Amino acid sequence: MAVGAGLWRSLRAHQVYGANTDVGKTIVSTVLCRAVQQERRRAAFLKPVSTGALNDADDRHLAKFGEGTLTKCLYQFDEPVSPHIAAKQKAIPRDEDLLASIHQTLSGWAQSDIDFALVETAGGVHSPGPNGNSQADLYRPLRLPIVLVADSRLGGISSSISAYESLLLRGYDIQSVLLFRDDYYQNHEYLRDYFNKKSIPLVHLPVPPARPDAVDADSQRRDEESMAKYYGQVSRESEILRLLEEASLKNAERIQRLEEMAGRARDVIWYPFTQHQGMQAKDITVIDSAHDDFFQTFGSGSASSSDSALRPTFDGSASWWTQGLGHGNPDLSLSAAYAAGRYGHVMFAGAVHEPALALADRLLKTLDNPRFTKVFYTDNGSTGMEVAVKMGLRASCARYGWDASQEQISILGLKGSYHGDTIGVMDCSEPSTFNQKVEWYRGRGHWFDFPLVKMVNGTWKIEIPAELREDLGSDVEFESLGSVFDLERRLASDSGQRYKQYIRRTIEDLVQKQGMKFGALILEPVILGAGGMLFCDPLFQRCLTDVVRDHPELFAPDASAKSSPSWSGLPVIFDEVFTGLYRLGRPTSASFLSVHPDIAVNAKLLTGGLIPLCTTVASQEIFDTFSSPEKSDALLHGHSYTAHAVGCTVAVDSLRTMSDMQQNGAWDNYQADWQPTKSVAVSQSTPDVWSVWSQGLLQDLSRAASVESVFAIGTVLSISLLDSQGGGKFDRILQTQFLADIFPGYTSTAGKDLQQSLAAGGDQFNVHSRVLGNILYLMSSVTSKPESLREMEALLRSSLM
């Protein structure tokens with residue numbers, strides 16, 4: 001269940017956290033609410049979870065002394081203990097339900113005459129909620145601005161600063177700090193200086209009257225009288241009134257900043273992959289924050305009638321393919337903070353630090369490739385692929401005695417490939433919209449057209465391009481996606497033999513008749529991402545690799561004599577920047593092909609979506625190619641932030657987390673949904689292939705009148721739409737050129753129409769998505785909640801069926 005962050009135009013809502021238990025949160029709340037009431041404005045107090053006797057309940061205290069403050073408690077437990085203990089004997093609300101109740105309550109107040117609201121937590125910042133989760137994490141989706149009640153007691157300086165840092169680490173805005181004045185410990189003096197440096201106002205309050213020891217009615221009456229007098233005096237103090245005024249201004253300023261952001265961004269920011277001509281402020285998504293799978297977006301419309309300024313928006317591009325473990329993941333944030341505090345950044349050439357070494361070890365274990373021995377660090381997929389190409393071409397030239405300064409050394413690849421925007425790897429892709437106006441682009445290679453995997457009308461099929469059917473045969477249908485990946489069986493099939501014969505003939509023609517020389521085979525395993533979410537027949541990629549490796553004589557007349565325990569024919573480079581590290585449900589996409597590449601590049605999911613980092617991993621023989629007494633023979637490539645300690649630390653934890661999820665059955669339900677039915681005959685070798693998107697969804701969408709085909713694997717869902725203008729399929733070449741986003745002459749609205757429908761959303765949330773030509777794709781994190789995915793599926797069905 002998605003919950004919007006807490007920001008309303010007409011309601012100033014804050015959350016009250018305590019630096020510890022028994023620091024006076026409820027007294028502070030009463031002072032603030034009473035001050036609002038005295039200003040002839042309406043205040044409200046919400047206690048999500050209360051423990052202990054009803055007579056001592058915080059909401060009742062506010063009702064008694066808040067001078068008309070509206071009060072509400074959502075869940076009351078009798079035991080005066082931590083909520084996670086008190087809830088054991090009761091029906092425990094799910095965290096999502098608790099958050100939804102809070103947001104619904106505040107939204108209702110925003111539509112009434114309530115001007116100011118406080119949501120008070122229980123205990124300290126990390127006191128557990130009903131389900132045992134830290135309150136700092138439990139309430140994070142709401143991201144209400146914080147009133148922190150500091151601790152005036154012995155040790156309170158430490159606990160107060162620790163509470164502040166814990167909240168800051170999770171992306172909260174701490175707007176004010178209050179505590180009681182203690183002239184002996186004088187914590188207020190120290191903390192005032194500390195928070196003033198951070199531009200956070202601190203107000204210290206007089207100590208409230210001590211509670212009487214006696215419990216008789218007279219003592220209780222005098223206690224109530226003294227507290228009423230205390231509240232009457234303190235709530236009128238100028239510092240309290242000024243604090244409330246500042247809170248009102250900050251709320252208005254926050255909304256104003258959000259209102260201005262799109263216009264300012266249009267004026268000063270140059271966006272990637274964007275044609276700016278005609279771009280308007282309304283075309284820019286304003287993101288206030290993000291948590292789990294959701295952005296909190298401003299001005300994206302709302303399905304409710306409240307004046308909430310923010311709406312949860314499902315991050316359907318997984319933040320452009322990098323998101324793995326959810327936005328605002330507190331564990332990864334803590335890892336990053338630890339590494340930043342321990343190292344910051346330290347230079348890496350000729351040095352080593354623990355995070356870099358630990359990540360190299362963890363990555364080699366994760367990739368499970370017996371060829372790999374060396375890890376080279378860069379900062380993003382494009383630069384990582386630059387390194388891979390340098391490695392591969394040097395190895396080929398060294399083996400075959402070629403001089404790259406005198407002759408062109410090209411690469412073999414697939415049509416629609418995309419390996420980044422740096423000049424070297426741009427030349428490893430065929431001419432396209434990406435590079436046609438890049439002045440240095442030359443295009444050095446041959447790119448095979450290939451069969452596509454897709455579901456059409458409820459049936460999985462391999463679609464052969466029309467121009468290749470004479471060589472490769474007709475389309476082939478399959479009973480399950482797993483059977484498409486049963487390569488050990490398919491290699492012996494007619495398709496396998498045809499593929500190999502066609503690939504070998506093509507290479508022979510290119511080398512012998514056209515005189516081309518190839519230095520590497522570069523593949524994006526399984527899915528070609530930016531080319532249009534093209535799902536390549538895995539058998540074709542396997543056959544291409546096998547032909548290259550089994551026939552070194554294709555690439556040089558005496559190549560057969562130059563054997564090696566490592567690579568053969570050409571170095572095989574796998575670009576797993578997009579498809580690697582559990583994006584498709586496995587640690588590597590190479591495993592789908594049962595191929596061990598000589599070089600592989602991983603980036604996007606490496607750090608779980610938190611920080612840029614890339615690795616290029618290579619075999620020992622590739623590494624040895626660069627070893628000589630000459631400095632010029634070394635791999636002279638590097639970055640200022642090579643092996644960034646923060647990124648390496650986060651990556652180790654990210655890989656460990658995803659591995660643990662695989663081992664502990666976190667995806668079992670998804671995998672069970674994708675098991676072939678009993679009526680489908682499968683061989684023992686049929687691999688386990690699954691997706692977080694349900695088989696039922698694919699069956700339904702593939703039969704929709706507006707859908708040409710669909711596929712899903714791992715966290716990826718791709719929907720190929722029919723041309724809404726002509727009713728026919730899009731041209732394959734147009735599909736691979738990303739024209740919907742970056743070429744203004746592209747006229748089809750098929751993908752855009754669906755994109756706009758998802759952007760409108762439903763009752764729970766709307767969806768941010770990306771379009772590639774006539775392809776609309778969606779991606780989730782590996783931690784996405786099933787209920788969010790099923791809601792997404794409902795939106796897709798309502799939009800397409």
Side-chain angles (χ1 to χ4, degrees), residues 6-18 24-47 58-73 102 105-121 142 144-150 173-181 188 192 195 199-209 224-257 306-309:
L7 179 63
W8 291 266
R9 296 177 184 275
S10 61
L11 177 70
R12 293 171 294 152
H14 294 73
Q15 190 150 32
V16 180
Y17 269 104
K25 293 189 302 295
T26 304
I27 293 176
V28 168
S29 296
T30 306
V31 168
L32 295 176
C33 288
R34 183 158 175 156
V36 170
Q37 290 289 133
Q38 290 171 171
E39 291 291 304
R40 296 185 179 179
R41 291 175 292 178
R42 290 296 311 280
F45 173 85
L46 176 63
K47 188 75 173 184
D58 297 333
D59 57 310
R60 293 200 173 192
H61 186 89
L62 264 290
K64 183 180 295 183
F65 296 107
E67 206 171 54
T69 297
L70 179 64
T71 65
K72 186 173 184 178
C73 177
I102 295 171
T105 299
L106 294 174
S107 295
W109 288 346
Q111 296 174 68
S112 67
D113 61 347
I114 302 297
D115 178 75
F116 177 84
L118 294 178
V119 180
E120 187 179 284
T121 60
L142 296 168
L144 291 164
I146 301 303
V147 175
L148 177 61
V149 181
D173 295 328
I174 294 83
Q175 285 198 350
S176 58
V177 179
L178 293 92
L179 81 165
F180 298 116
R181 185 165 53 243
H188 58 281
R192 181 179 57 196
F195 285 109
S199 300
I200 298 174
L202 180 143
V203 174
H204 51 84
L205 307 176
V207 178
E224 292 179 1
E225 289 175 352
S226 61
M227 286 303 300
K229 182 178 180 181
Y230 171 83
Y231 285 130
Q233 293 174 344
V234 176
S235 60
R236 287 183 169 85
E237 289 190 359
S238 59
E239 284 189 293
I240 294 297
L241 299 177
R242 185 164 55 249
L243 193 71
L244 290 171
E245 183 61 29
E246 289 177 358
S248 180
L249 290 174
K250 286 177 180 177
N251 191 77
E253 289 169 356
R254 181 181 174 191
I255 291 175
Q256 183 178 358
R257 288 196 306 271
S306 84
D307 71 343
S308 177

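Note that the coordinates shown come from a computational prediction; the quantities given were computed from them, not determined experimentally.
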**Message:** As a quick check of understanding, evaluate side-chain contact (heavy atoms from CB on, under 4.5 Å) for L205 and R181, giving each step before the final call.
**Reply:** CA-CA 6 Å; L205 307 176; R181 185 165 53 243; over 6 Å; no
Can you tell me how far the [atom1] atom of [X] sits from the [atom2] atom of [Y], to the nearest 0.5 Å?
X: L62; Y: L70; atom1: CG; atom2: CG; result: 10.0 Å
X: L244; Y: E39; atom1: CG; atom2: CD; result: 8.0 Å
X: S176; Y: H14; atom1: OG; atom2: NE2; result: 6.5 Å
X: L142; Y: L106; atom1: CG; atom2: CG; result: 7.5 Å
X: L148; Y: I200; atom1: CG; atom2: CD1; result: 8.5 Å
X: R242; Y: E237; atom1: CZ; atom2: CD; result: 10.5 Å

**Item:** Qualifying residue, where the test is side-chain contact (heavy atoms from CB on, under 4.5 Å) with L32 and the options are V203, L118, T69
**Value:**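 With L32 as partner, V203, L118, T69 yield a single side-chain contact (heavy atoms from CB on, under 4.5 Å), made by L118.
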Are any of the side-chain heavy atoms of [X] and [Y] separated by less than 4.5 Å?
X: L178; Y: I240; answer: yes
X: N251; Y: W8; answer: no
X: L179; Y: V149; answer: no

Nearest heavy-atom pair of [X] and [Y]: which atoms, and what distance?
X: F180; Y: P206; value: CD2-O, 3.5 Å
X: L202; Y: R192; value: CD1-N, 3.8 Å
X: P201; Y: S199; value: CD-O, 3.8 Å
X: V16; Y: S29; value: CG2-OG, 3.7 Å
X: A110; Y: S10; value: O-OG, 2.9 Å
X: P145; Y: G6; value: CD-O, 4.4 Å

If only atom types and distance count, is the side chain of [X] paired as donor or acceptor with the main-chain N or O of [Y] below 3.5 Å?
X: Q111; Y: S107; value: yes
X: Y17; Y: K25; value: no
X: Q175; Y: I146; value: no
X: K47; Y: V119; value: no
X: S112; Y: W109; value: yes
X: R34; Y: F65; value: yes
X: Q37; Y: A43; value: yes

Checking side-chain polar atoms at under 3.5 Å, does [X] have a donor or acceptor matched by the opposite partner on [Y]?
X: S235; Y: Q38; value: yes
X: D59; Y: T71; value: no
X: E120; Y: T26; value: yes

**Item:** Steps toward side-chain contact (heavy atoms from CB on, under 4.5 Å) verdict (E246, E253)
**Value:** CA-CA 10 Å; E246 289 177 358; E253 289 169 356; over 6 Å; no
**Prompt:** Does the separation of the ring centres of F45 and H61 fall below 6.0 angstrom?
**Reply:**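 Not under 6.0 Å, so no.
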**Prompt:** Around K72, counting heavy atoms of other residues, nucleotides and ligands shown, do more than 12 lie under 6.0 Å from its NZ?
**Reply:**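 No, because the 6.0 Å sphere around NZ of K72 holds 12 heavy atoms or fewer from other groups.
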**Request:** Using the side-chain contact (heavy atoms from CB on, under 4.5 Å) rule, take V31 and Y231 through it: C-alpha gap first, then chi angles, then the decisive distance, then the call.
**Result:** CA-CA 6 Å; V31 168; Y231 285 130; 3.7 Å; yes
**Prompt:** Is R42 salt-bridged to D115, going by a charged N under 4.0 Å from an acidic O?
**Reply:**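 Not counted as a salt bridge, because no side-chain N and carboxylate O are separated by less than 4.0 Å.
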